[in-house]
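For reference, the structure is listed below as structure tokens.
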There are 2 protein chains.
Amino acid sequence: MIGDRRRATNPLVAKLSRFGPLSQAEIGVLEMLCSNEEQFRAHVDLLNQGDPPRSPFIVIRGMAYRYRILADGRRQILTFLLPGDFCELHTYLFKAMDHSAATLTPGRLAVIERATITTLIARHPRIGAAIWWCSMQEAAIMRERIVGLGRRSARGRVAYILCELVWRQREVGLAEDHAIRLPLTQTDIADTLGLTPIHVNRVLQQFRREGLITLVQRNLRLHDMERLQDLAELTTDYLHLTGIPSEAARYLDGLERL
Amino acid sequence: MIGDRRRATNPLVAKLSRFGPLSQAEIGVLEMLCSNEEQFRAHVDLLNQGDPPRSPFIVIRGMAYRYRILADGRRQILTFLLPGDFCELHTYLFKAMDHSAATLTPGRLAVIERATITTLIARHPRIGAAIWWCSMQEAAIMRERIVGLGRRSARGRVAYILCELVWRQREVGLAEDHAIRLPLTQTDIADTLGLTPIHVNRVLQQFRREGLITLVQRNLRLHDMERLQDLAELTTDYLHLTGIPSEAARYLDGLERL
DNA sequence: CGATCTGTTGATATCCTTCAATTTTGGTGG
DNA sequence: CCACCAAAATTGAAGGATATCAACAGATCG
């Protein structure tokens with residue numbers, strides 16, 4: 001179905017285009033950046049807490065997640081990594097990872113040299129700004145997670161995570177309506193939302209009974225986005241998916257001409 | 001007591017010195033950066049959700065916090081802003097704030113021009129890296145918050161926040177032992193940890209009964225850091241307060257000489 | 001020096017967890 | 001292609017950690 005389209009456009013280009021229109025030169029540079037691909041199978045660790053940081057990469061295809069394992073073995077999932085996401089760009093500044101990451105599906109990563117980034121940013125200030133923009137989007141998603149875990153009910157949290165995943169997949173062209181592939185088990189969702197899988201199951205059942213979603217064999221469809229958003233008390237604005245203010249764009253164009 | 005020392009060293013210099021030793025030139029530039037100070041009283045809003053972003057600033061003195069107000073009026077505190085913290089450095093890339101911020105105590109901020117940052121980073125790559133380092137430390141703190149809200153008990157959460165605040169104040173030279181000023185009400189703590197103030201109160205009482213802390217009139221002292229850390233399942237490593245790996249330092253020195 | 005915010009305590013309620021069992025799904029090898 | 005096994009999903013019953021409600025005592029501040 002949409003498999004072909006996935007290969008067609010580079011998800012990094014798709015994502016950064018949201019930031020602002022890219023020049024042909026910039027698109028070229030970004031595609032070059034993604035030339036060194038590595039394949040990964042499902043359920044493979046990419047990063048391990050305690051280990052020294054590894055070189056930066058960009059998710060090209062497939063889905064992964066960052067997580068922390070606690071002393072008693074319980075797990076907290078921190079964020080999901082989707083195609084177009086930059087990872088570990090600056091972790092070389094840390095001595096050891098404070099969390100792990102693993103794949104959920106088979107996928108491909110583009111591995112990057114640290115020095116490549118440095119020169120890239122020096123030569124293309126707009127791409128540098130776009131990278132900052134991505135990292136701020138990431139921070140915005142973390143803030144939403146904190147608000148959700150701190151103050152939302154189980155229903156609100158489940159509604160939230162479904163919306164987030166649909167929106168983010170749309171952002172990089174992996175979905176065009178309100179339906180996505182959801183390669184998460186109910187245990188994964190529980191470990192993301194600070195709940196038990198049993199309770200996640202009951203919330204999902206109820207959503208189904210209320211006609212809000214269908215979820216069969218990892219295929220998710222949101223039937224009433226508006227009501228789910230209400231439950232999650234979330235507006236799409238909060239994730240800042242829509243590009244930058246025109247004033248900021250003018251400022252960056254100025255830098256470019258220097 | 002330590003009031004004099006607070007004024008003596010610039011907290012930004014104190015913080016970035018943790019990143020790595022700074023040259024006299026770099027210290028000079030950083031002090032220049034903080035020349036434009038503004039005074040603030042306690043319980044004053046610095047940022048408002050929905051508003052367009054404001055210009056960047058650095059906290060020089062006093063304490064503030066970022067928070068989100070939900071539709072029903074409940075509040076979730078996201079992070080605390082301490083002296084030496086960079087704020088809103090790149091929010092100009094967003095159209096509107098997704099959260100607010102307010103002071104807890106009277107304090108001073110150094111307001112910065114956006115363009116100043118750009119040239120600063122271009123001229124001093126090590127300072128640019130230090131700024132990235134700060135923003136990654138911030139992300140690490142957010143991760144801890146997510147883990148805490150998702151998977152820790154009320155006791156663990158309270159233990160965690162006390163440790164975090166003590167460590168961060170020590171980082172910028174505002175405390176030398178395990179005692180700090182804690183300008184938070186129990187309601188503030190509750191809104192940070194996703195609990196009710198009543199329950200926070202009971203946990204604090206219990207900590208006192210167990211001889212873990214004393215907390216009188218906003219003066220906090222941790223008597224058994226080790227046990228509190230255990231309760232919080234937290235190591236100081238996780239916040240990456242200790243500086244960068246030597247390999248990374250060498251890399252940055254290389255950049256400097258270009 | 002009263003008004004208001006903060007802290008404290010007790011009783012009751014509830015959302016979510018825990019424990020336990022069963023069914024369904026998905027993957028793998030014969 | 002089916003049989004088998006492990007993982008995931010589902011359901012029920014009971015328990016617990018934290019919330020809610022209510023009242024009062026202390027602190028703080030204009």
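Every value quoted in this text rests on a predicted model; they were computed, and no experiment measured them.
In this structure, A:Thr105 contributes its side chain and A:Ala42 its backbone to no donor-acceptor pair below 3.5 Å. Formation of a donor-acceptor pair under 3.5 Å by the A:Glu233 side chain with backbone atoms of A:Gly156 is not found in this model. Between the B:Glu171 side chain and the B:Lys15 main chain, no donor and acceptor come within less than 3.5 Å of each other. Checked by atom type and distance alone, the side chain of B:Asp224 pairs as donor or acceptor with a backbone atom of B:Arg227 at under 3.5 Å.
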Report task. Give the B/S/- string for nucleotides 8-17 of chain C, one per nucleotide from 5' to 3', where a protein heavy atom under 4.0 Å of the base yields B, of only the sugar-phosphate yields S, and otherwise -. Result -> BBBB----BB

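Relative ring orientation between A:His240 and B:Phe94 is described as parallel, the plane-to-plane angle staying below 30° on a 0-90° scale split at 30° and 60°.
The existence of a salt bridge linking B:Asp188 and B:Arg75 is confirmed by a sub-4.0 Å separation between a basic side-chain nitrogen and an acidic carboxylate oxygen.
Protein chain B touches strand DNA chain D; the 5'-most and 3'-most nucleotides with an atom under 4.0 angstrom of its non-hydrogen atoms are D:dT18 to D:dT28.
The shortest side-chain heavy-atom distance between B:Ile112 and B:Asn36 does not fall under the 4.5 Å cut-off. The shortest distance between side-chain heavy atoms of B:Arg170 and B:Leu241 does not fall below 4.5 Å. You'll find the side chain of B:Val166 reaches within 4.5 Å of the side chain of B:Leu222, heavy atoms only.
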N/O contacts under 3.5 Å, protein versus nucleotides 21-29 of chain C?
from	atom 1	to	atom 2	distance (Å)
C:dG26	OP2	A:Gln217	NE2	3.4

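Of the options A:Gln49, A:Arg68, A:Arg66, a side chain to side chain donor-acceptor pair (under 3.5 Å) to A:His99 is made by A:Arg66 and by none of the others.
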